[in-house]
Structure formats: C-alpha cells, structure tokens
Amino acid sequence: VQLQASGGGLVQAGGSLKLSCAASGRTFSSNGMAWFRQAPGKEREFVAAASWSHATFYADSVKGRFTISRDIAKNTVDLQMNTLKPEDTAVYYCAAGSSRFLARLSEYDYWGQGTQVTVSS
C-alpha cells in the first residue's frame, strides 16, 4: 500500500495551495482519510479528515480556510488550503485507514511521505 502526496510548495501569506494524495494497493472506501501536519520542533497534528460517507472534520485552526474532499472511486483525498498563514508552514502528511476516531493519529495505518508547505509573511 502506498500513499503519494503532492502539491506542496512556497506561497505568500494569504495565498492558496492544493494538496493531493493518491492511494494504491488497496481501497479505502470503508475507511477515513485525513491530512496531518508537522512543523519543525512540534508534534504531528490533525488538520482535516473525511469519512467514507464524506463527513468532514477540521482542526479549529484551519476551519473555514481549508477544505478536504475525497474521490472514493479514484482512491484520492485532496486538501484545498486558502488564506494561508505563516503558522501553516509544515510538512503535510496524508493518512488512510481510520475506522472510528478520524482526528486521532494512532487510528491511521497508512501514511504518505509528506509534502512541504511553506508560507512566507
């Protein structure tokens, strides 16, 4: 099983980026998929998740600015990030496999390699 994340980069504050993650090797049609992030010197934290039924959940820090979406048929999950702030700078990881607690890091069995997002002020 592989999760391939893409779309990171350097953007100015107030700008937008879209991250994409494609899963291969198995389907996650009955599981949650999510995005987490890890800034230098900090623990990995929850950003957003989407259940198999397309219910979505967000960290308070990104609510109203980020949008997660899934394509069950394509086995993909995207993260549209708008109004980016310098504090959004981190390595972003996609994750898959959760069955219940979508915001809990330990719930996910599969992880992508991470993609760097840098927001300049």
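- Rounding to the nearest 0.5 Å places OG of Ser99 at 5.0 Å from CG of Asn31.
- Separating the CG atom in Leu79 from the CD1 atom in Ile68 is a distance of 6.0 Å, to the nearest 0.5 Å.
- Scanning all heavy atoms of the two residues, the minimum distance from Ala34 to Ala49 falls at CB-CB, 3.7 Å.
- With hydrophobic clusters built from ILVMFWY side chains whose heavy atoms lie under 4.5 angstrom apart, Trp35 shares a cluster with Leu3.
- Here SG of Cys94 is found 15.5 Å from CZ of Arg37. Values are rounded to the nearest 0.5 Å.
- Put simply, the side chain of Tyr92 never gets that close to the backbone of Gln38: no donor and acceptor are under 3.5 Å apart.
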Are Ser16 and Gln80 close enough, and set up right, to give a side-chain contact (heavy atoms from CB on, under 4.5 Å), and what steps lead you there? CA-CA 8 Å; Ser16 299; Gln80 177 66 46; 3.9 Å; yes

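- A donor-acceptor pair under 3.5 Å links the side-chain atoms of Gln113 to the main chain of Ala5, judged by distance alone.
- One N or O on the side chain of Asn75 and one on the backbone of Phe28 form a donor-acceptor pair closer than 3.5 Å.
- Atoms CG and OG1, from Asp88 and Thr118 in turn, are 11.0 Å apart once rounded to the nearest 0.5 Å.
- Of all heavy-atom pairs between Ala48 and Tyr58, the closest is CB-CD2, 3.6 Å.
- The hydrophobic cluster containing Leu102 does not contain Val62, counting ILVMFWY residues as joined when their side-chain heavy atoms lie under 4.5 angstrom apart, directly or transitively.
- Taking 4.5 Å as the limit, every side-chain heavy atom of Phe66 sits out of range of all side-chain heavy atoms of Asn82.
- When side chains are defined from C-beta on, His54 counts as touching Ile72, because their heavy atoms get closer than 4.5 Å.
- Counting heavy atoms from C-beta outward, Arg65 and Met81 have side chains that stay 4.5 Å or more apart.
- Heavy atoms of other residues, nucleotides or ligands lying less than 6.0 angstrom from CH2 of Trp111 number more than 12.
- The pair Asp60-Lys63 meets the salt-bridge criterion, since a charged nitrogen lies less than 4.0 angstrom from a carboxylate oxygen.
- Using a cut-off of 4.0 Å between Lys/Arg side-chain N and Asp/Glu carboxylate O, Asp78 and Arg70 are scored as not salt-bridged.
- In this structure the side chain of Phe46 never reaches within 4.5 angstrom of the side chain of Leu105, judged on heavy atoms.
- To the nearest 0.5 Å, atoms CZ (Arg104) and OG (Ser98) are separated by 9.0 Å.
- In this structure, the separation between OH on Tyr93 and CZ on Arg44 is 4.5 Å, given to the nearest 0.5 Å.
- Looking only at side-chain heavy atoms (C-beta outward), Thr115 and Ser6 stay at 4.5 Å or farther from each other.
- Side-chain atoms of Gln2 and Tyr110, non-hydrogen and from C-beta on, never get closer than 4.5 Å to each other.
- Tyr108 places no side-chain N or O within 3.5 Å of a backbone atom of Ala103 that could act as its donor or acceptor partner.
- Under a hydrophobic clustering in which Ile, Leu, Val, Met, Phe, Trp and Tyr are joined whenever their side-chain heavy atoms come within less than 4.5 Å, directly or via other members, Val91 and Leu10 fall into different clusters.
- Using a 4.5 Å heavy-atom threshold, the side chains of Thr89 and Val117 count as separate.
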